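Just so it is clear, the values below take in all heavy atoms, side chains as well, and ignore hydrogens, waters and symmetry mates. Here the structure is a predicted model, which means the values were calculated and not measured.
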Number of protein chains: 2
Amino acid sequence: MTGYLKGRLRREDIITAAIEAYRETGYHGSSLREVAKRAGITHAGLLYYFPTKEALLAAVLERRDAEDAEREKLDIPPGMELLRHLIALAEYNVAHRGIVEVYARLAAEAVAPDHPAHEYFIRHYQIARDSAVATFTALAESGELRDGVDPHAAAVAFIGMEDGLQVQWLTTPDEVDLVGSMRFFLRNLLTVPLD
Amino acid sequence: MTGYLKGRLRREDIITAAIEAYRETGYHGSSLREVAKRAGITHAGLLYYFPTKEALLAAVLERRDAEDAEREKLDIPPGMELLRHLIALAEYNVAHRGIVEVYARLAAEAVAPDHPAHEYFIRHYQIARDSAVATFTALAESGELRDGVDPHAAAVAFIGMEDGLQVQWLTTPDEVDLVGSMRFFLRNLLTVPLD
DNA sequence: CCTACCGATCGGTAGG
DNA sequence: CCTACCGATCGGTAGG
């Protein structure tokens with residue numbers, strides 16, 4: 001039984017090491033040997049836990065989903081409160097640069113249809129868009145969205161801006177106020193103050 | 001003399017081949033042998049023209065700058081006309097997916113301070129921001145910008161959105177109207193119609 | 001521009 | 001989990 005526990009812990013250590021490596025050199029740029037060294041084992045040892053390089057990537061994305069689900073707390077209904085929550089999430093990200101780096105790098109790599117994370121990001125964008133559309137639609141119905149603002153257009157633009165600001169912020173942190181820009185964007189769409 | 005011409009043409013062929021390769025697998029993921037094969041020579045032959053892998057990347061970025069300068073026609077003054085020009089540029093990009101792919105991939109890779117294109121993207125963002133700030137400032141002065149819209153915040157958000165939409169569009173082309181989203185964003189900031 | 005080569009590193013396997 | 005190994009590939013150099 002403790003054997004199983006130890007194995008699970010080891011797997012978590014390896015995933016943590018992989019996230020660090022992907023952050024610095026991306027998925028394609030990270031070798032199994034580098035990840036293994038960070039986790040304190042050999043690369044052959046790593047392959048005992050994750051049979052291929054792709055299996056390790058899948059585990060990294062699974063953990064991100066699990067963390068997102070925990071942080072996003074599915075019980076927030078679409079609307080003003082969810083917008084405030086998204087801003088809080090952006091504040092969290094700015095304080096955890098590594099998360100943003102991994103996400104931005106993988107998203108750009110995974111643009112290629114044959115990238116192992118391609119399907120993951122298709123789903124990721126779909127979910128993000130659906131959630132944003134629902135929120136802006138709710139705001140329109142309650143009169144909190146400015147007249148003539150299309151909820152779907154607002155959703156796509158909002159998600160795009162969030163992602164693009166991340167890369168710009170990572171490159172020139174002192175020149176970009178990520179959270180401030182999000183507030184700016186939303187303020188221009190709403191009829192009510194953000195907070 | 002024709003010797004020099006032939007060499008210049010060969011260099012251009014190699015740069016074109018490199019752009020194709022970076023588009024598909026990024027800079028780190030592209031080997032000199034793969035680029036050389038596309039250009040119809042050996043990788044040692046490539047190294048005769050570009051002494052290192054980094055020198056080739058520099059040449060790729062130089063060409064992008066040259067093309068941008070040509071397309072952006074420095075003689076457009078900041079203001080409404082420049083916004084229309086940026087939209088036309090986005091339309092051009094949507095019709096030339098390869099350009100967008102190279103740019104988005106390199107931008108995400110170059111987030112790392114030790115990436116050979118890091119300094120390039122710092123400059124790139126700075127220039128883009130300065131140009132956008134000048135434009136929104138001019139619009140504010142002529143009364144074409146909505147009251148209370150900060151030109152600097154608008155500039156950062158606008159550039160962020162452009163870049164983020166590119167990755168989202170590359171991943172799910174059918175779900176994202178890149179040009180439409182840009183128009184949507186600008187329409188919400190302006191007091192006058194876009195065209 | 002090429003052939004031929006270098007040392008280093010890659011993901012993965014065998015066999016314990 | 002490791003040692004030991006595989007074939008493949010990497011960027012770069014020598015020498016012409």
Side-chain angles (χ1 to χ4, degrees), chain A residues 1-61 105-106 109-110 112 114-117, chain B residues 1-61 105-106 109-110 112 114-117:
Chain A
M1 273 304 147
T2 33
Y4 288 103
L5 174 64
K6 196 177 142 211
R8 264 205 318 273
L9 290 176
R10 183 65 92 180
R11 284 177 63 93
E12 293 307 314
D13 287 347
I14 295 171
I15 293 171
T16 301
I19 290 172
E20 279 173 38
Y22 294 176
R23 186 181 71 188
E24 290 178 22
T25 47
Y27 167 72
H28 277 125
S30 298
S31 69
L32 295 178
R33 282 168 175 83
E34 172 60 28
V35 173
K37 192 163 74 175
R38 285 176 197 263
I41 58 174
T42 64
H43 94 284
L46 188 157
L47 286 165
Y48 167 76
Y49 289 101
F50 302 96
T52 64
K53 198 184 180 190
E54 277 195 33
L56 179 57
L57 174 62
V60 165
L61 296 176
R105 288 206 54 152
L106 285 182
E109 278 188 17
D114 60 342
H115 191 283
Chain B
M1 271 307 147
T2 32
Y4 287 104
L5 174 64
K6 195 177 144 212
R8 263 203 320 272
L9 290 176
R10 181 66 93 181
R11 283 177 63 93
E12 294 307 316
D13 287 347
I14 296 171
I15 293 171
T16 300
I19 290 172
E20 279 174 36
Y22 295 175
R23 187 181 72 187
E24 290 177 21
T25 47
Y27 167 71
H28 278 125
S30 297
S31 70
L32 294 178
R33 282 167 175 85
E34 172 60 28
V35 173
K37 192 164 73 175
R38 286 176 195 263
I41 58 174
T42 65
H43 94 284
L46 186 159
L47 287 165
Y48 166 77
Y49 290 100
F50 301 96
T52 64
K53 198 183 181 191
E54 277 195 33
L56 178 57
L57 174 62
V60 166
L61 296 175
R105 288 206 55 151
L106 284 182
E109 279 189 16
D114 61 342
H115 191 282

> With sequence neighbours excluded, what pairs up with Glu54(B) under the salt bridge (charged side-chain N to carboxylate O under 4.0 Å, His left out) test?
Replying inline: none
> Start at the 5' end of DNA chain C and walk down; is the nucleotide closest to Gly29(A) or to Pro51(A) reached first?
Replying inline: Gly29(A)
> Glu54(A) has an atom CD; how far is it from atom P of dC10(C), in whole Å?
Replying inline: 18 Å
>> List the residues meeting side chain to side chain donor-acceptor pair (under 3.5 Å) with His115(B), not counting sequence neighbours, and say none if there are none.
In response: Glu109(B)
> Which distance, rounded to the nearest 0.5 Å, do you find between the OH of Tyr48(A) and the CD1 of Ile41(A)?
Replying inline: 11.0 Å
> In whole angstroms, how far is the C1' atom of dG11(D) from the CG atom of Leu57(B)?
Replying inline: 15 Å
> Can you check the Lys53(B) NZ to dT9(D) C1' distance for me, whole Å?
Replying inline: 12 Å
>> Check this one for me: any side-chain N or O of Ser31(A) less than 4.0 Å away from OP1 or OP2 of dT9(C)?
In response: no
> What residues, two or more places apart in sequence or in another chain, satisfy side-chain contact (heavy atoms from CB on, under 4.5 Å) together with Ile15(B)?
Replying inline: Glu12(B), Ile19(B), Phe50(B), Ala59(B), Val60(B), Arg63(B)
> For DNA chain C, what is the dot-bracket line, given that a base pair needs Watson-Crick (N1 to N3, plus N6-O4 or O6-N4) or G-U wobble (N1-O2 and O6-N3) geometry with both distances under 3.5 Å, and | means paired with another strand?
Replying inline: ||||||||||||||||
> Rounded to whole angstroms, how far apart are CD on Glu34(B) and C1' on dC10(D)?
Replying inline: 13 Å
>> Using whole Å, what does the distance between atom C1' of nucleotide dG12(C) and atom OH of Tyr49(A) come to?
In response: 18 Å
>> Quick check for you: to the nearest 0.5 Å, what is the distance between Leu46(A) atom CG and Asp13(A) atom CG?
In response: 11.5 Å
>> Please classify the nucleic acid contact of Leu47(B) as base, sugar-phosphate, or nothing, using heavy-atom distances under 4.0 Å.
In response: base
> What's the shortest heavy-atom distance between Ala21(A) and Ser30(A), and which atoms?
Replying inline: O-OG, 3.2 Å
> Should Arg105(A) and Tyr27(A) count as side-chain neighbours, where that means a heavy-atom distance under 4.5 Å?
Replying inline: no
> Which whole-number value in Å describes the distance from His28(A) NE2 to dT9(D) P?
Replying inline: 15 Å
> At what distance, to the nearest 0.5 angstrom, does CZ of Arg33(B) lie from OG1 of Thr42(B)?
Replying inline: 9.0 Å
Check: protein-nucleotides 2-8 of chain C nitrogen or oxygen pairs below 3.5 Å:
unit_1, atom_1, unit_2, atom_2, d
dC2(C), OP2, Thr42(B), N, 3.1
dC2(C), OP2, Thr42(B), OG1, 2.8

>> Which residues pass the side-chain contact (heavy atoms from CB on, under 4.5 Å) test with Leu61(A), not counting sequence neighbours?
In response: Leu57(A), Leu106(A), Ala117(A), Tyr120(A)
>> If I take atom CG in residue Leu32(A) and atom P in nucleotide dT13(C), what distance separates them, rounded to the nearest angstrom?
In response: 11 Å
